[in-house]
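These notes are about the structure you will find just below.
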Number of protein chains: 2
Amino acid sequence: VSGSWSQKSQLEARKYCTVNIAASTECDGHTSLPEPVTWRLSHGASYVHVCTNETINGVECHELPDLKALGHDVPLVIDFSSHVASRPVDWSRVGLAFGGAQKNLGPAGLTLVVVRDDLLGHALPACPSAFDYKTVADHQSMYNTPPTYAIYVAGLVFQWLKRQGGMAAMEARNKAKAALLYDAIDTSQLYVNKVAPNCRSRMNVPFFLRDENLNDAFLAGARAHGLLQLKGHKSVGGMRASIYNAIPIEGVQALVDYLREFEKTQS
Amino acid sequence: VSGSWSQKSQLEARKYCTVNIAASTECDGHTSLPEPVTWRLSHGASYVHVCTNETINGVECHELPDLKALGHDVPLVIDFSSHVASRPVDWSRVGLAFGGAQKNLGPAGLTLVVVRDDLLGHALPACPSAFDYKTVADHQSMYNTPPTYAIYVAGLVFQWLKRQGGMAAMEARNKAKAALLYDAIDTSQLYVNKVAPNCRSRMNVPFFLRDENLNDAFLAGARAHGLLQLKGHKSVGGMRASIYNAIPIEGVQALVDYLREFEKTQS
């Protein structure tokens with residue numbers, strides 16, 4: 001449990017199975033990721049679930065755990081909703097990956113699921129047919145009426161991703177964008193990001209003003225510069241910059257320029 | 001069970017409850033609707049499910065059953081996917097109504113659910129949270145990320161429906177459209193619709209050429225006239241004209257003109 005979304009996932013999973021929380025960062029406010037070797041994995045587990053980018057907490061898993069090397073040859077299930085298509089995935093370590101389209105793929109209302117062939121056909125009896133991935137696969141994702149417009153737009157995005165140079169190029173671009181913003185935060189006296197450097201998200205950058213009385217003035221100034229949606233999630237507070245694939249480095253530079261400008265006006 | 005969709009529904013329901021098929025028209029190829037007074041309703045049932053328009057079979061329930069008057073004070077659940085917004089609904093008889101948006105409301109990928117307040121909060125433990133209508137209602141339909149574009153377009157369609165004069169006006173228009181087409185079929189020597197007149201769908205009009213050897217020529221001629229998607233569902237065969245809200249009476253007239261023209265060329 002590395003943040004809000006995996007916390008929700010484990011609660012939902014309790015309806016269907018016995019849940020063992022192998023690791024949780026609740027104690028440090030979800031600002032770190034423990035090394036996989038320290039996880040308390042159950043023997044005989046059906047799968048291990050990780051949310052590989054926590055949007056609200058700004059925590060990203062930069063290297064997928066190698067469960068086999070840890071002595072647990074069970075499927076790794078990843079919720080990669082909020083960093084899908086932002087970087088390559090080591091598919092040799094993944095059993096099932098799922099992600100909502102609305103961050104990096106297209107309009108809300110579409111979910112991408114990638115399932116290893118040998119994991120198809122093991123749905124619980126209570127699983128609705130439209131969510132039994134064997135049924136879905138057998139019907140080429142058209143067992144139920146597919147969300148055609150969202151699929152069409154996702155197709156355009158996939159073509160765009162290829163033209164950008166694919167996943168390796170996207171990763172390089174997203175690394176550069178994130179480095180620009182984290183560096184501006186770390187070198188300032190006013191802003192702070194509390195996430196451990198080895199697991200800082202390249203998609204969602206939460207940060208705080210050391211003087212929270214300035215929050216409203218900061219947000220008003222940001223809006224005046226065309227920098228929107230910077231208020232942090234209510235469960236965390238502070239600010240959050242989401243710099244998904246659709247944000248070019250120029251957008252991040254504009255935010256960095258504003259961060260510096262606002263800090264100067266306060267000194 | 002009045003056609004393909006309610007047949008699928010009762011199979012799906014068997015995962016979660018004991019199913020009693022109160023009435024089935026399988027024996028006549030789903031071309032009739034038995035009077036509710038003849039239904040073999042179970043005492044103590046949790047609900048009664050009816051698909052009120054069967055797209056594939058072209059069977060529509062023109063008057064919702066009054067279960068209370070039949071001595072069964074249980075919720076009526078209707079799947080009104082394919083005739084939603086085509087006519088008024090007697091909501092006093094409905095416990096829950098659901099329908100996909102893709103016929104009369106907007107793009108595929110959105111489902112409209114109307115639930116009577118007192119029925120909220122009775123989900124089975126195995127029900128996924130996003131499908132527990134109490135959870136959905138408590139979060140104003142935003143417990144999970146909503147399909148924003150589909151909702152936006154549905155909003156435009158709702159405004160359009162109001163400008164047309166609302167449900168009463170849509171019903172009058174759809175009655176006129178359906179009457180025009182059924183009359184052309186019934187008065188011809190070449191075409192036949194096999195559904196009992198009291199339950200013919202105003203949205204989906206399946207029909208057959210008495211000489212099925214003419215099917216390909218009929219479809220090719222239709223395409224040449226810009227009349228598309230007239231081939232019937234593979235489980236039924238023949239032809240099917242879907243005349244949803246988006247089809248104006250001029251579209252139906254164009255089909256009727258072609259029906260007559262094609263029949264003349266064959267005599």
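We name chains A, B, ... by the order of the sequence lines, and we start the count at 1 in each one.
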Self-check item: Verdict with supporting geometry, Lys8(A) and Ser129(B), side-chain hydrogen bond (donor to acceptor under 3.5 Å, both in side chains)
Solution: CA-CA 10 Å; Lys8(A) 273 201 172 184; Ser129(B) 297; over 6 Å; no
Self-check item: Backbone N/O of Ala126(A) and side chain of Tyr16(B): donor-acceptor pair under 3.5 Å
Solution: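 Checking the backbone N and O of Ala126(A) against the side chain of Tyr16(B), a donor-acceptor pair under 3.5 Å is found.
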Quiz prompt | Under 3.5 Å: donor-acceptor pair, side chain of Gln102(B), backbone of Thr145(A) | solution = no
Quiz item: In terms of heavy-atom pairs under 4.5 Å, which option from Pro146(A), Cys127(A), Ala150(A), Pro107(A) contacts chain B the most?
Solution: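 Heavy-atom pair counts peak at Cys127(A).
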Self-check item: Straight-line distance of Lys15(B) NZ to Leu124(A) CG, nearest 0.5 Å
Solution: 10.0 Å
Quiz item: Where on Pro128(A) is there a heavy atom nearer than 4.5 Å to chain B: the side chain, the backbone, both, or neither?
Solution: both
Does a sphere of radius 6.0 Å around [atom1] in [X] hold more than 12 heavy atoms from other residues, nucleotides or ligands, not counting ones at 6.0 Å or beyond?
X	atom1	answer
Tyr47(B)	OH	no
Gln229(B)	CD	no
Glu26(A)	CD	no
Asp117(A)	CG	no
Trp5(B)	CH2	no
Gln164(A)	CD	yes

Practice problem: Identify the heavy atoms of Gly109(B) and Pro147(A) that sit nearest to each other, and give their distance. | Solution: CA-CB, 3.9 Å
Quiz item: Do the ring planes of Phe131(A) and Phe131(B) sit parallel (below 30°), tilted (30 to 60°) or perpendicular (above 60°)?
Solution: perpendicular
